[in-house]
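Below you'll find the structure, written out as structure tokens, and then a few comments.
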Amino acid sequence: MQVVVKTDIDAYPLRGRGKVRDVYEVDEQTLLIVTTDRMSAFDVIMAEPIPYKGVILNQITLFWMDKFSEIIPNHLVESDVSRFPAKLDPWKDQLEGRAILARKAEPLPVECIVRGYLSGSGWKDYQSTGELCGYKLPKGLQESERLKEAIFTPSTKAELGQHDENISLEQAKKLLGSETFSATKDIVLQLYNAGRAYAAQKGIIVADTKFELGFINGKLHLIDEVLTPDSSRFWPADSYQPGRSQQSFDKQFLRDWLKAQPWNMQPPPPNLPEKIIVATASRYRDAYELLTGHKAPFKIAD
């Protein structure tokens, strides 16, 4: 299994290269999605990869998509590289564990964020307004406190290098239409609550997360990544304590290190020391092993 920063697969046209994923067009209905080991923070791609991070993201997403298949269908066609088209054989070693064939979807024009705890930008919003993305909250809540009920807080989808912006439910309803908005809100809250309940049994608190939905043949499907350390805040339950920031199994560790550096959050980013790379990779690995119950299919030098 290889560390992969960037792919150059000339068997199919490159459809796009995002912060983490390289996407190729296999045919009119199918995409090849490769989750690389690129790491982004504050919408800036780091110069160094996090080894096998893409494998972790892909495998966790496959795990959740299978678990959630009774709630909502997903875009997955195939994840076994040995069953990929023969044209991809020269890249099998690169694709192993980190690539899928997926049906093309029409993504919703909003990010579907669900928050169950008061943290991150939501905590900052509450401190200044007493609200969380337009939801009026009780007075006196602490940082990292669990909300009475999880809430849907949609945001815009920004271009690469730009920042997503929170929008109101009314704005989201205008973008999606009332029927799609209502269905989307119900689905993502159901997904979050089901995922949170399962993760709690494994000693992980899912503080918040981002889902992606899209239409395939007129029906909503779960697409992109699902409840990963890139798209979620994962906190170890045994050290959780309201009133402060939490330890995490996600990229918050890296964000905290970056915020302590003399950096203006614009490219180029600071170089990552080996100990920061290893510590970040280890957190991603731990999240995978705790959630799935499987040992990671690679080794990280702790």
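Keep in mind that what you see is a predicted model, and the values were worked out from it rather than measured.
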Less than 4.5 Å apart, side chain to side chain, heavy atoms only: is that true for [X] and [Y]?
X: Gln247; Y: Trp235; value: no
X: Leu31; Y: Val26; value: no
X: Met65; Y: Val226; value: yes
X: Leu95; Y: Val34; value: yes
X: Lys104; Y: Arg15; value: yes
X: Tyr135; Y: Leu147; value: no

With a 4.0 Å cut-off on N to O distance, would you call [X] and [Y] a salt bridge?
X: Arg17; Y: Asp8; answer: yes
X: Arg196; Y: Asp208; answer: no
X: Glu225; Y: Lys210; answer: no
X: Asp22; Y: Lys6; answer: no

Atom pair [atom1]/[atom2] of [X] and [Y] - distance to nearest 0.5 Å:
X: Ile113; Y: Cys133; atom1: CD1; atom2: SG; result: 7.5 Å
X: Ile100; Y: His75; atom1: CD1; atom2: NE2; result: 4.0 Å
X: Trp257; Y: Ile277; atom1: CH2; atom2: CD1; result: 9.0 Å
X: Thr228; Y: Phe249; atom1: OG1; atom2: CZ; result: 14.5 Å
X: Ser79; Y: Ile33; atom1: OG; atom2: CD1; result: 12.0 Å
X: Glu78; Y: Leu101; atom1: CD; atom2: CG; result: 6.5 Å

**Prompt:** Excluding sequence neighbours, so at least two apart, what forms salt bridge (charged side-chain N to carboxylate O under 4.0 Å, His left out) with Asp89?
**Reply:** Lys92

Would you say [X] and [Y] are hydrophobically clustered, going by side-chain heavy atoms of ILVMFWY under 4.5 Å?
X: Leu57; Y: Tyr288; answer: yes
X: Leu222; Y: Ile216; answer: no
X: Ile60; Y: Ile71; answer: yes

**Request:** Please name the residue in the list Tyr126, Tyr240, Trp123 that meets the ring-ring contact (aromatic ring centres under 6.0 Å, His included) test with Tyr117.
**Result:**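 Single ring-ring contact (aromatic ring centres under 6.0 Å, His included) partner of Tyr117 among Tyr126, Tyr240, Trp123: Tyr240.
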
**Item:** Sole residue of Asp37, Thr7, Asn58 in side-chain hydrogen bond (donor to acceptor under 3.5 Å, both in side chains) with Arg98
**Value:**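 Output: one option passes, namely Asp37.
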
**Item:** Set of residues satisfying side chain to side chain donor-acceptor pair (under 3.5 Å) with respect to Lys53, sequence neighbours excluded
**Value:** Asp230

**Prompt:** For Phe253, which residues count as a ring pair (Phe, Tyr, Trp, His ring centres under 6.0 Å) partner, sequence neighbours excluded?
**Reply:**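 For Phe253, no residue satisfies ring pair (Phe, Tyr, Trp, His ring centres under 6.0 Å) once neighbours in sequence are set aside.
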
**Asked** Of the non-hydrogen atoms in Pro267 and Val44, which two are nearest, and what is the gap between them?
**Response**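 Minimum heavy-atom contact is CD-CG2, 4.0 Å.
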
Using a distance-only test with no angle check, is there a side-chain donor-acceptor pair under 3.5 angstrom linking [X] and [Y]?
X: Asp66; Y: Ser69; result: no
X: Asp186; Y: Gln190; result: no
X: Arg115; Y: Thr153; result: yes

**Request:** Check the pair Gln246, Ser144 against side chain to side chain donor-acceptor pair (under 3.5 Å), reporting the backbone distance first and the verdict last.
**Result:** CA-CA 7 Å; Gln246 307 298 311; Ser144 304; 3.2 Å; yes

**Request:** Verify ring-ring contact (aromatic ring centres under 6.0 Å, His included) between Tyr198 and Phe63, making sure each step is shown before the conclusion.
**Result:** CA-CA 12 Å; Tyr198 173 83; Phe63 170 81; 5.6 Å; yes

